[in-house]
Amino acid sequence: EKPIGFGRIYRITPKSAPSRRLPSFPDTSASTLVKSLSSPNGWWRDTAQRLIIERSDKSTVPELKRLVMSDGGGLPSLHALWTLEGLDALDRTTLIRALSHKDSRVRAAAVRLSGPLLKGAEEKALADQVRKAMEDPDSDVNLQSMIALAGHHPSDLEDTMLVSFCRLLVAIAALLLVRHLMESTV
């Protein structure tokens, strides 16, 4: 009665549906892999990102930097940002630009990736942008900025961090209250 030992069904489609052309990633050019970071298919994006990093193909860096700031959506920009980090090609200019991205996931990732770079004295411009991220309307960006700046807090930053932390606590308390109310009404 149980379908054990019969393998997996990978794709069920109507006979009249056109078949999808699947890429052959091992033979794919670096430029095509970068374009695959914009695919709606998550597996394609993940695989393309992994292959770019495994190949250590620095020729993709300019395309990846353009993709970080593209208007094609947050996920392609997010993958491009983390791919640049994996290639050890992420620079301060790209991070500063990513901190102003319209997608909060990209901004949060940019703040997170900025953390290790904040140690140098020459990173004042980046530190100022991460400090401004504590005022971001998204709580994930706020949290990441507090974590990134936690080890690098001059005295003028303590008040700003305290205010942001209090805002975050209020947001968490509100979420817990809503959750409690919803559970009690069910």
Side-chain angles (χ1 to χ4, degrees), residues 30-39 42 45-46 48-172 174-175:
S31 179
T32 304
L33 287 174
V34 172
K35 288 176 185 156
S36 294
L37 294 176
S38 297
S39 170
R45 286 191 312 270
D46 292 344
Q49 179 179 351
R50 179 180 55 80
L51 289 174
I52 292 169
I53 293 169
E54 283 177 359
R55 292 178 184 177
S56 297
D57 193 345
K58 301 277 186 171
S59 70
T60 60
V61 169
E63 282 182 88
L64 290 167
K65 287 182 178 182
R66 278 192 296 277
L67 187 57
V68 166
M69 292 312 297
S70 71
D71 290 332
L75 285 175
S77 298
L78 192 60
H79 277 276
L81 194 61
W82 282 104
T83 304
L84 284 168
E85 193 272 338
L87 291 172
D88 199 26
L90 193 57
D91 60 3
R92 174 183 46 223
T93 306
T94 304
L95 284 171
I96 289 173
R97 290 180 63 207
L99 286 167
S100 64
H101 198 278
K102 66 180 180 178
D103 191 299
S104 63
R105 296 172 295 184
V106 176
R107 293 192 309 271
V111 170
R112 182 175 178 188
L113 291 167
S114 298
L117 298 177
L118 295 175
K119 294 179 180 165
E122 67 279 355
E123 300 300 337
K124 183 173 177 359
L126 181 59
D128 289 342
Q129 292 298 318
V130 173
R131 193 174 293 123
K132 285 180 187 176
M134 287 200 294
E135 301 299 322
D136 195 278
D138 187 83
S139 60
D140 289 337
V141 178
N142 292 336
L143 180 61
Q144 287 300 328
S145 61
M146 284 189 282
I147 293 169
L149 292 168
H152 315 285
H153 61 279
S155 60
D156 65 328
L157 185 59
E158 291 174 1
D159 291 339
T160 309
M161 286 182 75
L162 183 61
V163 168
S164 294
F165 185 68
C166 288
R167 284 186 193 149
L168 186 62
L169 286 177
V170 167
I172 291 170
L175 287 172

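When reading the values below, keep in mind they use all heavy atoms of this one structure, side chains included, and skip hydrogens, waters and symmetry mates. All of these numbers come straight from a predicted model, not from anything done at the bench.
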(message) Any side-chain to backbone donor/acceptor pair from T83 onto H79? Under 3.5 Å, distance only.
(response)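 A pair under 3.5 Å: yes.
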
Taking all heavy atoms of [X] and all of [Y], pick out the closest pair and write down the distance.
| X | Y | answer |
| --- | --- | --- |
| S59 | P62 | O-CD, 3.6 Å |
| L37 | R45 | O-CD, 3.1 Å |
| A30 | D57 | CB-OD2, 2.9 Å |
| S114 | V130 | CB-CG2, 3.7 Å |
| L87 | S56 | CD2-CA, 3.7 Å |
| V106 | A98 | CG1-O, 4.1 Å |

(message) A side-chain contact here means heavy atoms from C-beta on lying under 4.5 Å apart; do L67 and S38 qualify?
(response)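 They are in contact (side-chain heavy atoms under 4.5 Å apart), so the answer is yes.
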
(message) Quick check: do E135 and K132 have side-chain heavy atoms less than 4.5 Å from each other?
(response)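 They are not in contact (no side-chain heavy atoms under 4.5 Å apart), so the answer is no.
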
What's the separation between atom [atom1] in [X] and atom [atom2] in [Y], rounded to the nearest 0.5 Å?
| X | Y | atom1 | atom2 | result |
| --- | --- | --- | --- | --- |
| S100 | L95 | OG | CG | 11.0 Å |
| M69 | K102 | CE | NZ | 10.0 Å |
| Q144 | M134 | CD | CE | 13.0 Å |
| R105 | L81 | CZ | CG | 12.5 Å |
| L84 | T60 | CG | OG1 | 7.5 Å |
| S39 | L33 | OG | CG | 12.0 Å |

(message) Quick check on side chain to side chain contact (heavy atoms under 4.5 Å, CB included): which of V68, L99, L113 does T94 satisfy it with?
(response)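 Only one option passes, and that is V68.
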
(message) With a sphere of 6.0 Å drawn around CZ of R97, does it hold more than 12 non-hydrogen atoms of other residues, nucleotides or ligands?
(response)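 Count not over threshold, so no.
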
(message) Between R107 and D136 (salt bridge meaning N to carboxylate O under 4.0 Å), is one present in this structure?
(response)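 Yes, charged N to carboxylate O under 4.0 Å.
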
(request) Mind running side chain to side chain contact (heavy atoms under 4.5 Å, CB included) on K65 and D91 for me, showing each step along the way? (result) CA-CA 10 Å; K65 287 182 178 182; D91 60 3; 2.9 Å; yes

